[in-house]
Amino acid sequence: MSENKKSNEVVDLSKPTGEGMVRVTFEPEGRTVEFPFDSLPYEGHGQPMSFLDVAENYDIFLDHACGGVCACTTCHLWVKEGMQGVSEAEDLELDRMETAADIQLNSRLGCQAVIEKPGTYVVEIPKWNRNYVQEGKPRHGPGSE
């Protein structure tokens, strides 16, 4: 694990997000992370400050079969809260999303949806998009214990 990754920090959800902070909750895991805006180290996980980048920095599994280059839809997620602080989808992402299953108005590719300002964000990884068994990746979900 990289020394930049933080996996054991607990976020107090009873308190509002602090000034200049980003709080992201990944559902259905219920994992919430918090960090100062624009402070994450970038190691090539999708766009810098994308939901995939956040997930990778905090050891939260979000499948990305293409390596986060907008060539597949395995990082498809639904932005349930905070859409106003997320970048607009560009043509490449919109074209790719046409091939995704169960597109919603709040659907985005985790590798392309960039957090553009401090705030609170909640994203959900759709059930059918959770790859519980993949070589070299952590196993999550039912039967993983």
Side-chain angles (χ1 to χ4, degrees), residues 1-132 134 136-141 144:
M1 181 184 336
S2 164
E3 66 183 57
N4 294 323
K5 293 188 180 185
K6 306 158 185 85
S7 58
N8 296 326
E9 295 179 14
V10 176
V11 176
D12 185 351
L13 298 177
S14 69
K15 295 181 180 178
T17 306
E19 186 175 337
M21 299 294 285
V22 172
R23 179 182 291 171
V24 182
T25 299
F26 290 85
E27 294 180 349
E29 282 190 37
R31 289 269 318 269
T32 300
V33 298
E34 192 169 79
F35 55 91
F37 177 72
D38 214 17
S39 68
L40 292 181
Y42 179 64
E43 297 176 6
H45 307 119
Q47 296 294 321
M49 286 290 291
S50 66
F51 290 112
L52 176 59
D53 190 32
V54 173
E56 286 290 306
N57 267 282
Y58 285 90
D59 290 326
I60 297 169
F61 183 69
L62 175 57
D63 200 5
H64 53 288
C66 72
V69 297
C70 198
C72 72
T73 61
T74 57
C75 66
H76 178 201
L77 47 75
W78 297 317
V79 181
K80 297 177 72 176
E81 184 179 333
M83 187 66 96
Q84 71 281 358
V86 178
S87 63
E88 292 288 324
E90 295 184 9
D91 288 343
L92 179 62
E93 179 183 1
L94 293 172
D95 289 346
R96 182 61 54 207
M97 286 300 295
E98 289 179 6
T99 66
D102 198 16
I103 298 173
Q104 307 291 320
L105 291 175
N106 60 347
S107 287
R108 293 297 303 271
L109 293 180
C111 67
Q112 300 299 300
V114 174
I115 297 169
E116 294 186 321
K117 61 184 182 180
T120 300
Y121 301 86
V122 177
V123 296
E124 180 179 356
I125 303 167
K127 183 177 182 178
W128 42 263
N129 221 30
R130 295 177 217 140
N131 188 1
Y132 293 131
Q134 181 181 5
K137 294 290 184 181
R139 199 172 158 175
H140 300 279
S144 63

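We number each residue from 1, following the sequence as shown.
- Distance CG/L52 to CD1/I60: 11.0 Å, rounded to 0.5 Å.
- Nearest heavy-atom pair, P48 versus V114, reported as atom, atom and distance to 0.1 Å: O-CG1, 3.5 Å.
- Across all their heavy atoms, A101 and H76 have their closest contact at O-CE1, 3.2 Å.
- N57 is listed as a side-chain neighbour of P41, based on a closest heavy-atom distance under 4.5 Å.
- Considering every non-hydrogen atom in both F61 and I125, the closest pair reads O-CD1, 3.8 Å.
- The two residues Q104 and W78 have their closest heavy-atom pair at CG-NE1, 3.1 Å.
- From F35, atom CZ reaches atom CE of M49 across 4.5 Å, with rounding to the nearest 0.5 Å.
- Between E56 and E43, the closest side-chain pair of non-hydrogen atoms is not below 4.5 Å.
- Considering all non-hydrogen atoms of both residues, Y121 and G82 come closest at CE2-O, 3.1 Å.
- Side-chain contact between Q47 and C111: absent, with no pair of heavy atoms (C-beta onward) separated by less than 4.5 Å.
- Looking at heavy atoms from C-beta onward, Y58 lies out of side-chain contact with F26 at the 4.5 angstrom threshold.
- The CG atom of D63 sits 12.0 Å away from atom CG of L77, with the distance rounded to the nearest 0.5 Å.
- The two residues V11 and R23 make their nearest non-hydrogen contact at CG1-NE, 3.5 Å.
- To the nearest 0.5 Å, atoms CD (Q112) and SG (C70) are separated by 4.0 Å.
- Test E88, E90, E124, E93 against R108 for salt bridge (charged side-chain N to carboxylate O under 4.0 Å, His left out) and you get one pass: E93.
- Considering SG of C72 and CG of L109, their distance stands at 7.5 Å, rounded to 0.5 Å.
- E81 contributes atom CD, which lies 8.0 Å from atom OG1 of T25 (distance to the nearest 0.5 angstrom).
- Between T17 and P118 there is no side-chain heavy-atom pair separated by less than 4.5 Å.
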